[in-house]
Amino acid sequence: MTAPTVSQRPRRQVVLLRPVPGNSAIHRLWAGTKLLMVAAIGILMTFYPGWVPIGAVAVLVLVAARIARIPRGVLPSVPGWLWFLVLLGGLTATFAGGSPVLDFGSVEVGLGGLFNFLRITALSIVLLGLGAMVSWTTNVAEIAPAVAKLGRPLRALRIPVDEWAVALALALRAFPMLIDEFRVLYAARRLRPRDVASTRRGRFRNAWLELIDLLAAAVVVALRRADEMGDAITARGGAGQISASPSGPRAIDWWALAIVIVVCGTALALELTILGTSAVTS
């Protein structure tokens with residue numbers, strides 16, 4: 001008797017640009033407030049990518065995810081090759097040396113390069129989580145009016161803010177739709193019978209022709225979707241209606257901005273004074 005085969009669990013795909021249903025305080029925040037928070041945190045992380053600011057932003061992201069009731073199912077499955085690349089990167093970064101140094105008898109191992117690699121990795125994960133939180137708690141239709149309102153001072157410089165907001169909104173709406181279309185195209189292509197070539201040149205030619213067919217089909221699907229979206233926008237009053245929806249901050253937005261400013265300011269002060277000084281002296 002043959003042993004029963006164990007079916008593999010399907011990998012969870014990346015869920016972005018699709019808000020998670022909910023009516024929490026994070027969901028009710030104005031889209032412009034979330035964009036301002038992301039911009040401010042991004043500037044902070046650019047100039048002061050220390051452990052304290054990274055930890056403070058990570059706490060903010062986790063608390064926001066808890067308040068918004070983000071389920072664990074939206075997190076994608078991490079492939080094994082990515083873990084291998086992280087381990088390989090950490091191993092190669094260890095060769096850079098630097099303080100602190102560990103003594104193993106006659107061998108000294110500097111962990112400065114490894115700590116820098118871990119800090120950069122943690123920073124990347126935190127920023128990805130921050131962007132994912134905005135995606136999971138914000139409706140795509142709210143982005144364009146928020147960008148148009150935030151960019152209103154730039155209109156005095158004759159900058160086409162409304163056109164930029166419309167282009168951004170259309171790109172955000174079309175991106176997940178095109179991903180689904182490409183997945184269907186790829187699955188349909190795999191179901192078609194293939195010509196088995198006996199030579200390496202023939203296999204290369206078949207792969208090249210298959211890639212050309214997929215690209216041609218993807219272009220056709222994108223053009224068809226663009227035509228359908230254009231007809232829908234025209235029927236609803238034109239592209240100007242996308243960025244003309246009334247939106248603005250409320251009392252909850254000012255409280256959220258104040259909390260983010262206090263947390264980031266405290267983390268920056270600790271990084272520049274107490275904890276930063278102790279890290280340099282050690």
Contacts of Val57 meeting side chain to side chain contact (heavy atoms under 4.5 Å, CB included) (sequence neighbours excluded), chain-then-number -> Ile41, Met45, Val61, Val126
If I compare all heavy atoms of [X] with all of [Y], which pair ends up nearest, and what's the gap?
{"X": "Gly32", "Y": "Ala146", "value": "N-CB, 3.4 Å"}
{"X": "Pro71", "Y": "Val20", "value": "CD-CG1, 3.8 Å"}
{"X": "Met37", "Y": "Ala256", "value": "CE-CB, 3.2 Å"}
{"X": "Glu271", "Y": "Gly50", "value": "OE2-CA, 3.7 Å"}
{"X": "Ile143", "Y": "Ala31", "value": "CD1-CB, 4.3 Å"}
{"X": "Gly151", "Y": "Val161", "value": "O-CG2, 3.2 Å"}

Once you round to the nearest 0.5 Å, how far does [atom1] of [X] lie from [atom2] of [Y]?
{"X": "Leu87", "Y": "Thr92", "atom1": "CG", "atom2": "OG1", "result": "10.5 Å"}
{"X": "Leu268", "Y": "Thr273", "atom1": "CG", "atom2": "OG1", "result": "9.0 Å"}
{"X": "Ile159", "Y": "Trp164", "atom1": "CD1", "atom2": "CH2", "result": "5.0 Å"}
{"X": "Thr137", "Y": "Lys34", "atom1": "OG1", "atom2": "NZ", "result": "3.5 Å"}
{"X": "Ile261", "Y": "Leu44", "atom1": "CD1", "atom2": "CG", "result": "12.0 Å"}
{"X": "Leu127", "Y": "Ile54", "atom1": "CG", "atom2": "CD1", "result": "8.0 Å"}

Given the rule that I, L, V, M, F, W and Y join up when any side-chain heavy atoms are under 4.5 Å apart, are [X] and [Y] in one cluster?
{"X": "Trp208", "Y": "Leu215", "result": "yes"}
{"X": "Trp255", "Y": "Leu35", "result": "no"}
{"X": "Leu123", "Y": "Leu128", "result": "no"}
{"X": "Leu257", "Y": "Val59", "result": "yes"}
{"X": "Met133", "Y": "Val63", "result": "yes"}

Note to self: So for atom CZ, which belongs to Arg205, do other residues, nucleotides or ligands contribute more than 12 heavy atoms lying within a distance under 6.0 Å?
What the structure shows: no
Main chain of [Y], side chain of [X]: is a donor-acceptor contact present, judged purely on distance under 3.5 Å?
{"X": "Asp253", "Y": "Thr33", "value": "no"}
{"X": "Arg250", "Y": "Arg28", "value": "yes"}
{"X": "Arg119", "Y": "Pro49", "value": "yes"}
{"X": "Thr138", "Y": "Ser135", "value": "no"}

Residue pairs passing the side-chain hydrogen bond (donor to acceptor under 3.5 Å, both in side chains) test with at least one member in residues 38-67, sequence neighbours excluded, are none
Residues at least two apart in sequence or cross-chain that pass salt bridge (charged side-chain N to carboxylate O under 4.0 Å, His left out) with Arg224, listed by chain then number, are Glu181, Glu228
